[in-house]
Amino acid sequence: MRIQPANCKKILSVIGLPHSGTTIVSNIFNSMDNTYCLSEPHWILLSKPTALTFDKIATLEYNSINDLLPAIKRHLSNNKQFNYGGVKETYRPLGTVKKYLDLTIQISDIIVFTLRNPLALYNSFKKISTSPMPISRLEHDYHMLIKEIDNCKNPHFTLILEQLCAAGDKGAIQYINQQAHGILKIVGDFKLNPTNYKYGNHIANKSKQINK
């Protein structure tokens with residue numbers, strides 16, 4: 001499973017609200033032979049600077065948090081194995097991390113936004129927290145992300161988690177290709193490999209299948 005054409009070198013990033021499918025989508029890209037997607041590296045560097053791991057790529061030399069995406073671009077240009085590389089960041093419309101979300105959107109050659117019904121987001125948070133984020137806040141952040149998508153000038157497309165799950169293992173590649181509208185094309189048989197990232201949903205990180 002890989003992205004065509006193989007001679008491109010592009011920054012490919014995934015952005016969406018927490019629990020909206022960002023980890024599953026980044027795992028799909030990480031399962032490709034010529035692509036990698038680091039899990040929330042800016043957020044990790046802000047909160048736990050020593051916890052950042054690179055999984056598929058053993059080393060990535062960067063000078064500062066501001067240099068991370070340019071470092072990925074340099075790494076791609078010097079690496080024969082990978083043609084696409086980028087980051088997965090959960091969308092937080094406020095605070096310092098918004099600066100790096102804006103930077104990600106500006107630098108990325110292709111952006112994959114993920115969306116999920118706000119009520120489903122709320123129910124997902126309820127499973128892991130006794131005081132989940134109010135649904136009014138989730139709806140606010142959801143609409144903020146929609147505005148971000150509408151204003152995005154770089155090549156981008158949107159994946160809806162409910163539709164991706166409904167497509168299942170056999171239809172996942174076809175669904176992504178349809179939503180991509182020619183921005184990218186995935187070829188090969190579908191597979192989902194576990195990753196060793198510290199951030200993102202731990203079950204999704206280690207899962208070998210997409211479950212609804």
Side-chain angles (χ1 to χ4, degrees), residues 1-4 10-45 51-58 60 68-69 72 75-76 79 81-92 101 104 108-116 120-121 124-125 127-128 145 156-180 183-212:
M1 188 168 70
R2 60 195 292 114
I3 302 177
Q4 287 187 332
K10 292 186 177 182
I11 300 288
L12 169 66
S13 296
V14 178
I15 295 174
L17 292 174
H19 294 247
S20 68
T22 54
T23 299
I24 285 288
V25 173
S26 66
N27 278 14
I28 291 173
F29 290 124
N30 275 316
S31 296
M32 296 179 187
D33 298 329
N34 63 340
T35 307
Y36 63 83
C37 186
L38 303 180
S39 184
E40 303 187 59
H42 293 110
W43 180 250
I44 294 172
L45 287 173
L52 183 59
T53 58
F54 296 128
D55 199 43
K56 282 180 77 171
I57 49 176
L60 181 68
L68 189 59
L69 284 166
I72 290 174
H75 178 268
L76 288 173
N79 191 289
Q81 179 182 356
F82 299 109
N83 301 105
Y84 297 82
V87 301
K88 180 269 276 194
E89 294 287 357
T90 48
Y91 183 74
R92 295 172 173 86
L101 281 167
T104 300
S108 297
D109 300 303
I110 301 173
I111 304 160
V112 183
F113 292 100
T114 65
L115 290 177
R116 187 183 187 185
L121 284 175
S124 179
F125 277 110
K127 291 180 180 179
I128 62 169
L145 180 57
H156 64 279
F157 61 94
T158 303
L159 298 177
I160 299 173
L161 181 61
E162 288 86 353
Q163 293 178 1
L164 177 63
C165 290
D169 289 2
K170 293 182 179 179
I173 292 178
Q174 182 180 359
Y175 172 71
I176 295 172
N177 286 343
Q178 287 173 343
Q179 296 302 106
I183 296 173
L184 58 77
K185 183 179 180 181
I186 302 172
V187 296
D189 296 327
F190 180 84
K191 63 180 180 180
L192 187 63
N193 296 329
T195 70
N196 294 318
Y197 292 136
K198 295 177 182 294
Y199 275 61
N201 183 282
H202 293 290
I203 296 174
N205 280 354
K206 297 174 182 178
S207 175
K208 291 187 178 181
Q209 297 179 345
I210 290 181
N211 296 314
K212 289 187 180 181

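Worth knowing before you read on, the calculation uses all heavy atoms, side chains too, and leaves out hydrogens, waters and symmetry mates. All residue numbers refer to positions in the sequence shown, counting from 1.
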Point-to-point distance, once rounded to the nearest 0.5 Å, from NZ of K191 to OG of S31: 7.0 Å
Spacing of CD1 belonging to I3 relative to CG belonging to N34, to within rounding of 0.5 Å: 6.0 Å
Under the ring pair (Phe, Tyr, Trp, His ring centres under 6.0 Å) test, residues paired with F29 that sit two or more places apart: none
Considering all heavy atoms, the nearest L164-A172 contact: CD1-CB, 4.2 Å
Which atom of K10 lies closest to which atom of L76, heavy atoms considered: O-CD1, 3.4 Å
Minimum heavy-atom distance P41-L68, with the two atoms named: CB-CD2, 3.3 Å
Rounded distance (nearest 0.5 Å) linking atom CD1 of I176 with atom CD1 of I28: 4.0 Å
Pair F113-V25, side chain to side chain contact (heavy atoms under 4.5 Å, CB included): steps then yes or no: CA-CA 10 Å; F113 292 100; V25 173; over 6 Å; no
Rounded distance (nearest 0.5 Å) linking atom NZ of K88 with atom NE2 of H42: 13.5 Å
Derivation and outcome, side chain to side chain contact (heavy atoms under 4.5 Å, CB included), residues E89 and S13: CA-CA 8 Å; E89 294 287 357; S13 296; over 6 Å; no
Side chain to side chain contact (heavy atoms under 4.5 Å, CB included) between R2 and N83, intermediate numbers included: CA-CA 10 Å; R2 60 195 292 114; N83 301 105; 4.2 Å; yes
Ring pair (Phe, Tyr, Trp, His ring centres under 6.0 Å) partners for F82, two or more places apart: Y36
Shortest non-hydrogen contact between I110 and Y84, atoms and distance: CD1-CE2, 4.2 Å
Heavy-atom pair with the smallest gap, counting every atom of I186 and N177: N-OD1, 2.8 Å
From D189 atom CG to K170 atom NZ, the distance as rounded to the nearest 0.5 Å: 11.5 Å
Donor-acceptor pair, side chain of N79 and main chain of H75, under 3.5 angstrom: no
Distance-only side-chain donor-acceptor flag, T22 / T90, under 3.5 Å: no
Partner of S20 by side-chain contact (heavy atoms from CB on, under 4.5 Å), out of T114, L145, I15, L159: T114
Check against side chain to side chain contact (heavy atoms under 4.5 Å, CB included), L60 and L38: CA-CA 11 Å; L60 181 68; L38 303 180; 4.1 Å; yes
Shortest non-hydrogen separation from E162 to R116 and the atoms involved: OE2-CG, 3.3 Å
